[in-house]
Every structure is written in structure tokens, then in C-alpha cells.
Amino acid sequence: MIPSHVTIIMDGNGRWARKQGEERLFGHSNGVESVRACTEYAVEKGIRYLSLFAFSEENWNRPEAEVSGLMSLMLKSVMDERETFAKNDIRFMVIGNREHIAPELLSKIEMVENETINNKRLTLIIMLSYSGKWDIQRAAELYAKDYAAGCAKDFESYLATAGIPDPDLLIRTSGEQRISNYMLWQTAYTEFYFTETLWPDFRKADFEIALKSYESRDRRYGLIK
């Protein structure tokens, strides 16, 4: 069975760059091709949602040069892929704390989001300036405000991912086996797949292996079958 929503923690760019004798940003730059390959494969397989953990709230504490380079790379990537999104009926979304995103990048993000809002084949979600704790805290504050006003809704509707199904499969590259403050609420029943492959080396064949592992799982959601 093909998962409806696959999410990927794209890890290992820095280690990949060091192996090449380069700076960390070189790894991030080469990781863009992995994003492209995974997006193409998701479209081919009929996956409806592909979310990619690109930059956490904690990542703002990294060296200024790396953060600046990452944001410039993000801006370039967003603009470079506009034609691809239109051609392949891909909706583009960014989820995260937008207060920290530079106005120039944010305006481009919002432009592409608006351009692709009616595309339906795949929703590509970039998790930018995101953390699970931030998401839950923000949702709790919004819920409490509405509860006090007597108009509270289901808690999940206050999460930043409202309207998006919880991930069926979470893939993390580079061999690390943790979720690093990512989608803490949404991954309660998600299947995890960890691979030693560093993100810049992750391609369709690696994605296919992860999907085959998922297909062999028996998902019970706490029930007995």
C-alpha cells in the first residue's frame, strides 16, 4: 500500500560535505538534487503529501554564514522550481514560524504558494523554521484563547499542519535514530524508517527501499488484529 503522506528528515548534509573536503553549505546545495529526485518519485508513486524537514527553530542558532547561505539557497530553489510545480500539478507549501523568515524570502514563498494553491497531484511541504514543541505550544495558546471565548474547536485544527493528514511514514537519513523535535504530535502512529545514506546521496532507489519496508509493516494503531 502506498502511503498518503511521507515525511523526511533530511540529515547528513554537513557530514557529506566534510567527506568531499568542502564546507557544510556545499552539502546543503547538493541536497537540492535529492529533494528534486524524491519529489519526482513521490509524483510517480501517487503519494499525495511529501513533507521535508528543511530547517528547525533551533537551526537559527547555527553560524550566521551557514544560516544566510541556507536561506539564499532556499530562495533560489523556490524560484527555480516554479515551472516544475506548474508542469507536474504540485502544490507548494511552507509550514513553520514565519516570524523568523526574512521578508524577501517570505514574499517569494507566499507568491509560489498562491500560484500553486489549486494544484492537486502532490502537495510538497517544506518545514522551515519549524519545531514540534513550537507547534504544540502555539496550538495550545490558540486553543486556550478560543476556549475562553467559548468557540474552541478540535485541538488538531490549531496545529500548523491542520488539514494535512498525519505522516504514514517518516524517513530519516544519515543513520541518526531520533526525530529531533519534529512533528511530535503528528507522528504518534507514524512508521519510522532510518537509513545510513546521507541526504545528498538519497535518490529514488533509496526511497523505493523505504517504501518497501513500509509496505511490510502491520499498522494496528494500538488495536489488535
Side-chain angles (χ1 to χ4, degrees), residues 3-14 27-29 31-32 34-39 41-42 47-62 66-67 69-78 81 85 90-102 105-106 108-110 112-113 116-117 119 122-139 142 156-174 176 178-195 199-200 202 207 210:
S4 175
H5 182 181
V6 176
T7 192
I8 305 177
I9 299 177
M10 306 181 293
D11 195 18
N13 291 327
H28 295 303
S29 180
V32 171
S34 297
V35 172
R36 187 174 293 113
C38 288
T39 302
Y41 187 72
I47 294 168
R48 300 302 305 277
Y49 297 86
L50 176 64
S51 55
L52 305 173
F53 195 16
F55 194 87
S56 73
E57 281 274 87
E58 293 78 14
N59 287 158
W60 291 111
N61 295 318
R62 289 187 175 185
E66 181 179 353
V67 172
L70 276 167
M71 293 303 111
S72 296
L73 181 60
M74 176 65 68
L75 178 58
K76 182 179 185 303
S77 298
V78 168
E81 297 303 319
F85 295 153
I90 296 171
R91 182 181 181 184
F92 174 78
M93 295 179 65
V94 168
I95 290 178
N97 187 351
R98 299 193 175 206
E99 293 179 3
H100 294 162
I101 301 174
L105 175 56
L106 186 57
K108 298 300 183 185
I109 286 171
E110 291 175 346
V112 179
E113 285 180 325
T116 64
I117 195 168
N119 293 350
L122 170 72
T123 299
L124 175 63
I125 305 160
I126 304 299
M127 311 298 280
L128 179 64
S129 189
Y130 176 87
S131 81
K133 289 181 179 179
W134 163 82
D135 196 0
I136 293 170
Q137 181 178 351
R138 171 182 169 276
L142 294 172
E156 290 190 355
S157 67
Y158 295 94
L159 293 169
T161 54
I164 298 167
D166 291 343
D168 299 296
L169 173 65
L170 181 150
I171 300 169
R172 180 166 187 155
T173 59
S174 88
E176 302 293 345
R178 58 180 182 273
I179 59 173
S180 298
N181 195 12
Y182 180 56
M183 284 203 194
L184 300 178
W185 181 283
Q186 297 88 339
T187 56
Y189 286 102
T190 297
E191 297 292 328
F192 291 0
Y193 176 82
F194 301 106
T195 175
W199 177 246
F202 194 87
F207 204 158

Q: Taking the side chain as every heavy atom from C-beta outward, state whether Ser77 and Val35 have any atom pair closer than 4.5 Å.
A: no
Q: Kindly compute the distance separating OH (Tyr182) from OG1 (Thr7), expressed to the nearest 0.5 Å.
A: 2.5 Å
Q: Using side chain to side chain donor-acceptor pair (under 3.5 Å) as the criterion, list what pairs up with Lys133, not counting sequence neighbours.
A: none
Q: Only counting residues at least two apart or in another chain, list the ones meeting side chain to side chain contact (heavy atoms under 4.5 Å, CB included) with Leu142.
A: Arg138, Tyr158
Q) Which heavy atom of Ile47 sits nearest a heavy atom of Ser4, and at what distance? A) CG2-O, 3.7 Å
Q | Partner set under side chain to side chain donor-acceptor pair (under 3.5 Å) for Asn59, not counting sequence neighbours | A | Ser56
Q. About how many Å separate CD of Glu99 and CD of Glu57, when rounded to the nearest 0.5 Å?
A. 9.0 Å
Q) Taking the side chain as C-beta and beyond, is there a heavy-atom pair between Phe53 and Met183 under 4.5 Å? A) no
Q: Kindly compute the distance separating CG (Leu105) from OG (Ser72), expressed to the nearest 0.5 Å.
A: 9.0 Å
Q: With the side chain counted from C-beta on, respond yes when Val112 and Lys108 share a heavy-atom pair under 4.5 Å apart, and no when they do not.
A: no
Q: For residues Ile179 and Phe192, determine if any side-chain heavy atom of one lies less than 4.5 Å from a side-chain heavy atom of the other.
A: yes
**Q.** Pairing residues for Glu58 by the salt bridge (Lys or Arg N to Asp or Glu O under 4.0 Å) criterion, not counting sequence neighbours
**A.** none
Q | Spacing of CG belonging to Leu124 relative to OG1 belonging to Thr39, to within rounding of 0.5 Å | A | 4.5 Å
Q: Please identify each residue that fulfils side chain to side chain contact (heavy atoms under 4.5 Å, CB included) with Glu81, with sequence neighbours left out.
A: Arg36, Thr84, Phe85
(Q) Does any part of the side chain of Asn119, heavy atoms only, come nearer than 4.5 Å to the side chain of Phe92, both counted from C-beta? (A) no
**Q.** Closest contact, heavy atoms only, Trp134 versus Gly96
**A.** CH2-C, 3.4 Å
Q. Counting N and O atoms only, with roles assigned by atom type, does the side chain of Ser129 sit under 3.5 Å from a partner on the main chain of Asn97, one being a donor and the other an acceptor?
A. yes
Q) With under 30° as parallel and over 60° as perpendicular, where do the rings of His5 and Tyr49 fit, or are they tilted in between? A) tilted
Q. Looking at residues at least two apart in the chain, or sitting in another chain, which of them share a side chain to side chain donor-acceptor pair (under 3.5 Å) with Glu191?
A. Arg217
Q) Does any donor atom in the side chain of Asp135 or Gln186 lie under 3.5 Å from an acceptor atom in the other side chain? A) yes
Q.
Any heavy-atom pair between the side chains of Ile90 and Thr116 that's under 4.5 Å?
A. no
Q | Pairs flagged by salt bridge (charged side-chain N to carboxylate O under 4.0 Å, His left out) wherever residues 164-173 is involved - sequence neighbours left out | A | Asp11-Arg172, Asp168-Arg219
Q. Between atom CZ of Arg178 and atom CZ of Phe194, what is the distance when rounded to the nearest 0.5 Å?
A. 10.0 Å
**Q.** Pairwise side-chain contact, Ile117 with Arg91, heavy-atom cut-off 4.5 Å (strictly under)
**A.** yes
(Q) Using the side chain to side chain donor-acceptor pair (under 3.5 Å) criterion, which residues pair with Glu113? Sequence neighbours excluded. (A) Arg98
Q.
For a 4.5 angstrom cut-off between non-hydrogen side-chain atoms, does Thr123 reach Ile164?
A. no
**Q.** Ile125 versus Met127, closest heavy-atom pair with distance
**A.** CG2-SD, 3.6 Å
Q | Least distance between heavy atoms, Met71 atom then Leu128 atom | A | CE-CD1, 4.0 Å
Q: Could you pull out the closest heavy-atom pair between Gly12 and Pro200, with the gap in Å?
A: O-CD, 4.2 Å
**Q.** Closest non-hydrogen atom pair, Ala139 against Leu159
**A.** CB-CD2, 3.8 Å
Q: Kindly say whether Gly31 contributes a backbone atom to a donor-acceptor pair with the side chain of Trp199 at under 3.5 angstrom?
A: yes
Q: Hey, could you give me the OG/NZ distance between Ser29 and Lys76, rounded to the nearest 0.5 Å?
A: 8.0 Å
**Q.** Main-chain N/O of Thr190 paired with Thr187 side-chain donor or acceptor, under 3.5 Å
**A.** no
(Q) Ring-plane angle category for Phe207 and Tyr41, please: parallel below 30°, perpendicular beyond 60°, tilted otherwise. (A) tilted
Q: Given side-chain contact (heavy atoms from CB on, under 4.5 Å), test Thr161 with Trp185 step by step and report yes or no.
A: CA-CA 10 Å; Thr161 54; Trp185 181 283; over 6 Å; no
Q. Who pairs with Tyr193 by ring pair (Phe, Tyr, Trp, His ring centres under 6.0 Å), at least two apart in sequence or on another chain?
A. none
